Amino acid sequence: MIAAAGLVAVVAGMFLPWFRSGAVLRDSFQLIGVIQTLGFLRGDVLEVLLYIWFALIPVVTLSVVAYTLGLHRTSATICVVLTIFTGTISGVATVESGGEESSLGIAGTGPTVTLIGSLVALIGAVGIFVSRRRSASRIAGGEP
């Protein structure tokens, strides 16, 4: 449940403002569209990272479906990889946000919510691993 709540916050944060240009606020997906339109993508690592960003919503769905089907460790593994990626990107954006006084730059809301969601989901995923390990050791030790 903790991991799922974190993943919900990650997804919500992706749709909150990430970039501010005057009075216009753009979410992370709109920001990628602006980067593509301006022609900054020329087959480098940034382009790969931005295309991975588009795949995050289906990956969150995959993690939730895996958990629902009883594949808890698989779900937690997907969640850990996802949260390391989103946490790193949103952490950098949160640190780089210049505050609300500038009219052009990174907005703090989206990256901050995504970062917090990533941390919560990571804690939940680690909890899944720990609880499964305890269950396995009880069964192996013959405890009821």
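The model shown is predicted, which means the values in this text are computed figures rather than measured ones.
The distance from the CG atom of Leu62 to the OG1 atom of Thr74 is 9.0 Å, given to the nearest 0.5 Å. Separation of atoms CG (Leu56) and OG1 (Thr83) is listed at 11.0 Å; rounding is to 0.5 Å. To the nearest 0.5 Å, atom OH of residue Tyr51 and atom CD of residue Gln36 are 4.5 Å apart. Here CZ of Phe19 is found 10.5 Å from CG of Leu25. Values are rounded to the nearest 0.5 Å. Distance CD1/Ile89 to CD1/Ile84: 12.5 Å, rounded to 0.5 Å.
A donor-acceptor pair under 3.5 Å is absent between the side-chain atoms of Ser90 and the main chain of Thr112, judged by distance alone. No side-chain donor-acceptor contact under 3.5 Å links Trp53 to the backbone of Thr86. Looking only at distances, a side-chain donor or acceptor of Thr68 sits under 3.5 Å from a matching main-chain atom of Val64. Using a distance-only test at 3.5 Å, with no hydrogens or angles considered, a donor-acceptor pair links the side chain of Ser28 to the main chain of Met14.
In this structure, Phe15 and Ile57 have side chains that are in contact, with non-hydrogen atoms separated by less than 4.5 Å. Ile32 is listed as a side-chain neighbour of Phe54, based on a closest heavy-atom distance under 4.5 Å. Side-chain atoms of Arg26 and Trp18, non-hydrogen and from C-beta on, never get closer than 4.5 Å to each other. Within the 4.5 Å cutoff, the side chain of Leu122 has heavy atoms near those of the Val80 side chain. With contacts defined as side-chain heavy-atom distances shorter than 4.5 Å, the pair Phe85/Leu49 qualifies.
Other residues, nucleotides and ligands contribute at most 12 non-hydrogen atoms within 6.0 Å of the CD1 atom of Ile2.
Ile35 and Leu38 fall within the same hydrophobic cluster, where Ile, Leu, Val, Met, Phe, Trp and Tyr residues are linked whenever their side-chain heavy atoms come under 4.5 Å apart, directly or through other members. In the hydrophobic clustering of this structure, Val92 does not group with Leu119; members are Ile, Leu, Val, Met, Phe, Trp, Tyr whose side-chain heavy atoms approach within less than 4.5 Å, directly or through other members. Residues Val45 and Leu31 fall within the same hydrophobic cluster, defined by Ile, Leu, Val, Met, Phe, Trp and Tyr side chains chained together at heavy-atom separations under 4.5 Å. No chain of hydrophobic side-chain contacts below 4.5 Å, direct or via other Ile, Leu, Val, Met, Phe, Trp or Tyr residues, connects Ile128 to Val81. By the criterion of side-chain heavy atoms lying less than 4.5 angstrom apart, applied directly or through intervening Ile, Leu, Val, Met, Phe, Trp or Tyr residues, Val113 is not grouped with Ile123; the two fall into different hydrophobic clusters.
Among all heavy-atom pairs drawn from Leu7 and Ser63, the shortest one is CD1-OG, 4.1 Å. Pro17 and Pro111 make their closest contact through O-CD, 3.7 Å (heavy atoms, listed as atom of the first residue, atom of the second, distance). Annotation for Gly117 and Ala9: closest pair CA-CB, 3.6 Å, computed over non-hydrogen atoms. Between Gly87 and Leu115, the shortest heavy-atom contact is O-CD1, 3.5 Å. When all heavy atoms are compared, the tightest approach of Ala107 to Arg20 is CA-NH1, 3.5 Å.
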